[in-house]
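Any value given below was found using the heavy atoms of this structure, including those in side chains, with hydrogens, waters and symmetry copies removed.
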Amino acid sequence: MDMTLLAAAYTPEAHNDFIWAVVGSPWGLLAIWLVLINVITFFVFGADKLQAKRKEKKDTVRRVPEKNLLLLAAAGGSIGALLGMKAFHHKTLHKAFKIGVPVILALQIIIPFGLWLYFAVIR
C-alpha cells in the first residue's frame with residue numbers, strides 16, 4: 001500500500017481526531033517509539049549510575065549490563081543515551097560508549113537519509 005494513501009486515510013478532521021491520526025500513522029508510531037525509547041534509555045542510564053554508587057558500599061547490588069545499555073541505544077535511544085551520559089556523568093570514559101553511542105546515532109541518521117535519497121531522488 002502506498003504510504004501517502006495510508007497517511008491520507010488518517011488525516012484528522014477535527015481537533016479530537018489528532019491523537020487517532022498520530023497513532024494510526026506509521027510516522028506517528030515511529031515518533032512515539034523514539035520518544036519512549038529515548039526517555040527510557042535516559043532513565044536507565046540514571047538508574048545504573050545510582051546502582052554504581054550504591055555498589056561501592058554494598059557488593060550485592062545488581063547493575064545494568066553494558067550490552068543492555070548499548071542495545072537500548074541501538075534500538076533508537078541513542079539521543080537518550082548521550083543525554084544520560086552527559087547528565088549523569090556515566091560511562092563517559094568507556095570507549096564502547098564514548099565512541100559507540102555517537103556512531104550508533106550517526107548510523108541512525110545516515111541510513112534512513114541514504115534510503116530516502118535512494119528511493120526518492122536517485123531511483
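- The minimum heavy-atom distance between Gln51 and Val61, with the atom names listed, is NE2-CG1, 3.4 Å.
- In this pair, Phe42 and Phe88 present their aromatic rings tilted. The plane angle is within the 30 to 60° band.
- Across all their heavy atoms, Leu34 and Gly76 have their closest contact at CD2-O, 3.9 Å.
- If you take CZ on Arg63 and CG on Leu50, they are separated by 10.5 Å, rounding to the nearest 0.5 Å.
- No option in Asn38, Val44, Ile37, Val39 other than Ile37 meets the side chain to side chain contact (heavy atoms under 4.5 Å, CB included) test with Thr41.
- More than 12 heavy atoms of other shown residues, nucleotides or ligands fall within 6.0 angstrom of atom CD1 in Ile122.
- The line from CZ of Phe43 to CG of Asp48 is 15.0 Å long, rounded to the nearest 0.5 Å.
- What you find for Gln108 and Ala73 is that their closest heavy atoms are NE2-O, 3.0 Å.
- Rounded to the nearest 0.5 Å, atoms CD1 (Ile104) and CG (Leu72) are 10.0 Å apart.
- Between Asn68 and Val64, the shortest heavy-atom contact is CB-CG1, 4.0 Å.
- Taking NE2 of His90 as the reference point, atom CG of Leu69 lies at 6.0 Å (rounded to 0.5 Å).
- Taking a 6.0 Å sphere around NZ of Lys53, one finds it holds 12 or fewer heavy atoms contributed by other residues, nucleotides or ligands.
- Listed here is the closest heavy atom pair of Lys49 and His89: NZ-O, 3.4 Å.
- No path of Ile, Leu, Val, Met, Phe, Trp and Tyr side chains, each step under 4.5 Å between heavy atoms, connects Ile110 with Phe113, placing them in separate hydrophobic clusters.
- Between the CZ atom of Phe45 and the CG atom of Leu83 there is a distance of 10.5 Å, given to the nearest 0.5 Å.
- In this structure, Trp33 is a member of the same hydrophobic cluster as Trp27, with clusters built from ILVMFWY side-chain heavy atoms closer than 4.5 Å.
- Within the 4.5 Å cutoff, no side-chain heavy atoms of Leu105 are placed close to those of Val101.
- For Lys91 against Phe97, the heavy-atom pair with the smallest separation is O-CB, 3.3 Å.
- If you chain together hydrophobic residues whose side chains sit under 4.5 Å apart, Leu107 and Ile99 fall into the same group.
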